[in-house]
Each structure stands twice: as C-alpha cells, then as structure tokens.
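The chain is numbered in sequence order, starting from 1. Whatever order the structure lists them in is the order used to number ligands and atoms, beginning at 1.
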Amino acid sequence: MSDLRIMSVFGTRPEAIKMAPLVQELSRREGVRSLCCVTAQHREMLDSVLDIFRLRPDFDLNIMEPRQTLSTITSKCLTGMDRVLEEAKPDIVLVHGDTSTTFAGALSAFYHRIPVGHVEAGLRTYDKYSPYPEEMNRRMVGAIAELHFCPTAANRENLERETISKGVFLTGNTVIDALQTTVVKDFTFADNTLNHLDYANRKVILVTCHRRENYGQPMEDIMSALAHIARTNPEVDIVYPVHLSPAVQECAHRHLDGIENVHLIPPLDVREMHNLMARCYIVMTDSGGLQEEAPALGKPVLVMRRETERPEAVAAGTVKLAGVEYERIVELAEELLGDPAAYAAMAHAVNPYGDGQACRRIADAILWHFGRGERPADFGG
Ligand code: UD1
Ligand code: UDP
C-alpha cells in the first residue's frame, strides 16, 4: 500500500501553533507522508512558530503584504495553491480554524477535487459579521469539508444543527496538546523586562487585541480603558505584546505610550507567551486562542468582544464577556483587581477544550477514514 499523502495548509500564527503538534504527530505515523504548505499570510509571526516547533514547510507561498485586504489574501492563496496541489497531489488537505488561508485552502482543494479535513470545526456565533470574516470562513469550510474535527461537544452540536453529521469527530483542541509542550517551571524570557517583573507582589495583566471587527471605535475604547486601568491602579503592570498589524500598532501606541506601568512589547514567541500567561494575574484579550489557553492555566480572562464562539469556559466561570465598551471593561477589570472573592471565583484551572490527545485522535480518524485503522474514541467519551 502506498503512503497516504496528507497535506497541512496554514498561514497565520494561531493556525501554526495549533497545527504544529498535528504535523509532528502525522510525521511520526507509519504509512503517512506528511506534507506542509504555508501561505505565509503572516510572515514574522508565522516563522517564529515554525522555528519553535522545528517545522520545515515543503511549500511556502509567501503572500503577505503590509495592510493586506481580505481579497488579496484569498486570491493570492488560491492562485498559489493551484501549482502546489498539482505538484504534490495529496490524498487529503487539512486546514485549521477560520482565517482567510483556511477558507482559500479549502476552496482550492475543492477545485482540485481533493477531500478536506477541517481542524477546529463547528465553532459558531451565528453572527455573520462577528467575528468578521471568521464566522463565514468557518461556515464555508464546514460546507466544503469531508472530515470535521470538533474540539467540544457543543461544536459537534452546531454542525448537527446544520445537518453535518457524517465524518464528524470529537477530538479536543490541538492547542492543549501544544500547551503541554511549552510551559515549564523555570523559564527565562529573552526580554529582561519580563524576567524582572514582580509576579508575586504586583498584578500583571496580559493583554492582546487584534480583531478586524474591533478596528475603529471599539479598539479606541479598549485602549482608553486599558490606559485608565493602568493609571488608576499603580499595583498593576500591563504587558501587551502588540500584533504587527499596522492598524493595531498605531492605535495601541497612540493610547498607551508613555504610561509607566504599561509595557508595549513586540509579539512574543509562543513559548514566551505561554510561560508569561502561566505567570500573569489576569488576561484581557479579543483573541480566540487565549480564551482556550488561559483557562487551562487557571487565569481569569476578560474577553473584549461582543460575543464568543467559545462558551465552554464562560460556563465554567473562568471567562467573562466584557464587551467593547469603555465603562464595562473598566468595571470588570476593577472588580477582579479589587475583590479577592471575585478573583478567586474565576481563577481555577479548567480544561473544557482538550486533554492533550487531540492530534492522536485526528491522525487516527484520518487513517480510519482511508480504511487504515480503528476509529478513535471521542474526547471526554
Ligand atoms: C489574521 C486572521 C484572524 C486571526 C489573526 C491571528 C484573517 C482575515 N484574519 O488576522 O482570523 O485571528 O490573523 O493573528 O484571516 N503583519 C506583519 N507581520 C506578520 C503578521 C502580520 O507585518 O507576521 C501585518 C501586515 O501588515 C498584515 C497585517 O499585519 O497586512 C494584517 O494581517 P492579516 O493576516 O491580514 O490580519 P490579522 O489581523 O493578522
Ligand atoms: N500568541 C503568541 N505571541 C503573542 C500573542 C499571541 O505566541 O505575542 C499566541 C497565543 O498564545 C495563541 C495564539 O498566538 O496561541 C493566538 O493568536 P492570535 O491571538 O493572533 O489569533 P486568534 O487566536 O485570535 O485567531
């Protein structure tokens, strides 16, 4: 029997972090030829993850440009993927999540009549414009994919509601697999500011913010709220690794430069980020990935968005939806900073998103689909 050719396609930082342990798992499997194609929708932020996980892509479309638009990302991915798929002839293409790379990768595979496996399938808000464009990206990929790897039971129920029930697997999220390899007890940061922060006696707030639907007024309000929190709480240090998007850089620096207890730093590599998260007091973010990682590390999270497609940690009590309005963000942060009972109620480790075995289940499920192994048991089942 010839090797099964499995091609993983990804392009941004979070896709890379969540696909890296799966690519590694597939490379270890007998009878599998694991291929890796990056679109490089992100460049520096992608390369940093490739370095940490020692991944060497077989194909690199190198599409990123400054202030790129949704149309240019999608069209450059589609054009680039044609040649790659013709040359590599994979038996299946794996895409992850809900970025423009995810959508274009799945669409391209469909154009070439190659089956698609969707990792992190079934997340939904049912609001077309929030998150934008991710909600539509993942729905369109759901319609294209043959195999759907759902992190949680609620994700699987979303697909069932859309009458997608064939080829659905409950696997957990691969981000928990990644997290288990990165957090260590005595970690030394490359940036000395982070080594010298007094994590035991001061309250370190870890911030990230980048979503397109937050561009404009919501982001202005978020940054003003952070400035207010820093100025009125001298016991706090805000550490904010700022996303390289020029829109975000401009807004963050305009509001937060020059405030003594705000540390605006370049994006961290994933090991640094996970270890900083493990040491911080609170997380304030609009990121998807951080909403999954912080609960596993027992850190309270305030989500600076109007909705979330990750309700599991909200139900578990470790995540609160703060919205994007100045007053509410300040109010919830002040409550966590000033009320030990409110803090204790949110600061417990929960793991609704995975048990570190998601990659094994996904690899098993693919092999089962091609008649080469047993069907894996569900996560949590
Ligand atoms: C993208 C995804 C979003 C995901 C996010 C993760 C889409 C439409 N959006 O949004 O779902 O949550 O990645 O971070 O797919 N840049 C650099 N270097 C880098 C990365 C980005 O300079 O390594 C700058 C470039 O100017 C680029 C801009 O950031 O044009 C925006 O990048 P883009 O991928 O379009 O959007 P994100 O906001 O990163
Ligand atoms: N991350 C990182 N360095 C940073 C900020 C985030 O390594 O400076 C990691 C984070 O731990 C998570 C992922 O990047 O695993 C989340 O990416 P992002 O917030 O860019 O995208 P989203 O998850 O919202 O799609």
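- Salt-bridge formation is detected for the pair Asp237/Arg202: a Lys NZ or Arg NE/NH1/NH2 atom is positioned less than 4.0 Å from an Asp or Glu carboxylate oxygen.
- The atoms of ligand 2 that sit less than 4.0 Å from any heavy atom of Val270 are 7 (O).
- One option in Arg212, Gln68, Glu65 has a heavy atom closer to atom 25 (C) of ligand 1 than any other, and that option is Glu65.
- Contact atoms of ligand 2 toward Pro241: 8 (O) (distance under 4.0 Å to a heavy atom of the residue).
- Side chain of His243 to backbone of Ser245: a donor-acceptor contact under 3.5 angstrom is found.
- Between Asp355 and Arg361 there is a salt bridge, since a side-chain N of the basic residue sits under 4.0 Å from a carboxylate O of the acidic one.
- For atom 23 (O) of ligand 2, the nearest protein heavy atom (residue, atom name, distance) is Gly289 N, 2.7 Å.
- The residues Arg43 and Asp60 are annotated as salt-bridged, a charged nitrogen and a carboxylate oxygen being separated by less than 4.0 angstrom.
- Shortest contact from atom 23 (O) of ligand 1 to any protein heavy atom: Met45 N, 2.9 Å.
- Atom CD of Glu65 is surrounded by more than 12 heavy atoms from other residues, nucleotides or ligands within 6.0 Å.
- Between Arg211 and ligand 1, an N or O atom pair is found at a separation short of 3.5 Å.
- Scanning Glu15, Gln41, His42 for the heavy atom closest to atom 21 (C) of ligand 1 points to His42.
- Interface atoms of ligand 1 facing Arg43, defined by a heavy-atom separation under 4.0 Å, are 19 (C), 23 (O).
- Judged purely by atom type and a 3.5 angstrom limit, Tyr353 uses its side chain to pair as donor or acceptor with the backbone of Ala313.
- Atoms of ligand 1 found under 4.0 Å from any heavy atom of Ser100 (numbered from 1 in listed order, with element): 7 (C), 8 (C), 15 (O).
- The shortest N or O to N or O distance between Arg13 and ligand 1 is not below 3.5 Å.
- A salt bridge does not link Glu309 with Arg139: every distance from a Lys NZ or Arg NE/NH1/NH2 to an Asp or Glu carboxylate oxygen is 4.0 Å or more.
- Ionic pairing of Arg212 and Asp286 is not present here: no N-O contact between side-chain nitrogen and carboxylate oxygen is shorter than 4.0 angstrom.
- Here is the list of ligand 1 atoms found below 4.0 Å of a heavy atom in Ser245: 24 (C), 28 (C), 29 (O).
- Around OH of Tyr126, the count of heavy atoms belonging to other residues, nucleotides or ligands within 6.0 Å exceeds 12.
- Nearest to atom 3 (C) of ligand 1 among the protein's heavy atoms is Glu134 OE2, 3.1 Å.
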**OP:** Starting from the C-alpha separation in whole Å, work towards a yes-or-no answer on salt bridge (charged side-chain N to carboxylate O under 4.0 Å, His left out) for Glu86 and Lys89.
**Re:** CA-CA 6 Å; Glu86 270 157 30; Lys89 297 193 175 18; over 6 Å; no
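- Counted by atom type alone, Thr74 and Ser71 present zero donor-acceptor pairs between their side chains at under 3.5 Å.
- If you look at Met45 next to ligand 2, there are no close heavy atoms at all, none under 4.0 Å.
- Which parts of ligand 1 touch Met64 is read off a 4.0 Å heavy-atom cut-off, strictly below it: atoms 16 (N), 17 (C), 18 (N), 19 (C), 20 (C), 21 (C), 22 (O).
- Contact annotation: for Val248 versus ligand 1, there are no heavy atoms closer than 4.0 Å.
- Residue Lys18 has no N or O atom closer than 3.5 Å to an N or O atom of ligand 2.
- At a 4.0 Å heavy-atom cut-off, ligand 1 touches Pro246 through the side chain alone.
- The proximity of Leu290 to ligand 2, defined as any non-hydrogen pair under 4.0 Å, is limited to the side chain.
- Among protein heavy atoms, atom 12 (O) of ligand 1 sits closest to His210 NE2, 2.8 Å.
- Contacts between Ile17 and ligand 2, counted as non-hydrogen atom pairs separated by less than 4.0 Å, involve the side chain only.
- Comment: Arg305 engages Glu307 in a salt bridge, judged by a side-chain N to carboxylate O separation of less than 4.0 angstrom.
- If you check the side chains of Thr125 and Asp127, you find no donor sitting under 3.5 Å from an acceptor.
- We find that Glu213 and Arg306 are not joined by a salt bridge, their nearest charged nitrogen and carboxylate oxygen being 4.0 Å or further apart.
- Considering backbone and side-chain N/O atoms, Glu293 comes within less than 3.5 Å of an N/O atom of ligand 2.
- If you check which protein heavy atom lies closest to atom 20 (O) of ligand 2, you get Arg13 NH2, 2.8 Å.
- Close approach of ligand 1 to Pro66 (heavy-atom distance below 4.0 Å) involves ligand atoms 26 (O), 30 (O).
- A side-chain hydrogen bond (donor to acceptor under 3.5 Å, both in side chains) with Thr182 is found for one member of Glu293, Arg271, His274 and no other, namely His274.
- Looking at atom 18 (N) of ligand 1, its nearest protein heavy atom turns out to be Glu44 OE1, 2.8 Å.
- Taking all heavy atoms of Val49, Asp269, Leu268, Leu276 into account, the minimum distance to atom 8 (O) of ligand 2 is reached by Leu268.
- Checked against a 3.5 angstrom limit, the closest N/O atoms of Asp98 and ligand 1 fall outside it.
- Ranking the protein heavy atoms by distance from atom 21 (O) of ligand 2 puts Pro14 CG, 3.4 Å first.
- Counting heavy atoms under 4.0 Å from ligand 2, residue His210 touches it through the side chain alone.
- Taking distance alone, with nitrogen or oxygen atoms compared against 3.5 Å, Thr101 stays at or beyond that limit from ligand 1.
- Only the side chain of Arg211 comes within contact range of ligand 2, with a heavy atom under 4.0 Å; no backbone atom does.
- Close contacts between ligand 2 and His274 involve ligand atoms 11 (O), 15 (O) [criterion: under 4.0 Å to a heavy atom].
- Shown in contact with Pro133 at under 4.0 Å from a heavy atom are these atoms of ligand 1, numbered in order with element: 8 (C).
- Residues Ile366 and Leu94 are in side-chain contact: their nearest non-hydrogen atoms beyond the backbone lie under 4.5 Å apart.
- Proximity to Thr99 (heavy-atom distance under 4.0 Å) selects the following atoms of ligand 1: 11 (O), 15 (O).
- Annotation: Thr12 places no N or O atom under 3.5 Å from an N or O atom of ligand 1; distance criterion only.
- Phe169 and Trp368 have perpendicular rings, their planes meeting at more than 60° on a 0 to 90° scale where under 30° would count as parallel.
- Between Arg138 and Glu135, at least one side-chain nitrogen of the basic residue sits less than 4.0 Å from a carboxylate oxygen of the acidic one, meeting the salt-bridge criterion.
- Not a single donor-acceptor pair under 3.5 Å links the side chain of Asn173 to the backbone N or O of Pro151.
- Within the 3.5 Å criterion, the main-chain N or O of Asn275 finds a donor-acceptor partner in the side chain of Arg279.
- Considering Cys209, Pro267, Ser287, Gly288 only, the shortest heavy-atom separation from atom 19 (O) of ligand 2 involves Ser287.
- Residue-level proximity to ligand 1 for Arg67 is carried by the backbone, the only part with a heavy atom below 4.0 angstrom.
- Every atom of ligand 1 is numbered from 1 in the order shown, and the set under 4.0 Å from a heavy atom of Ile73 is 35 (O).
- Distance alone, capped at 3.5 Å, is enough to place a donor-acceptor pair between the Thr102 side chain and the His96 backbone.
- Below 3.5 Å of separation, one finds no N or O of Met273 facing any N or O of ligand 2.
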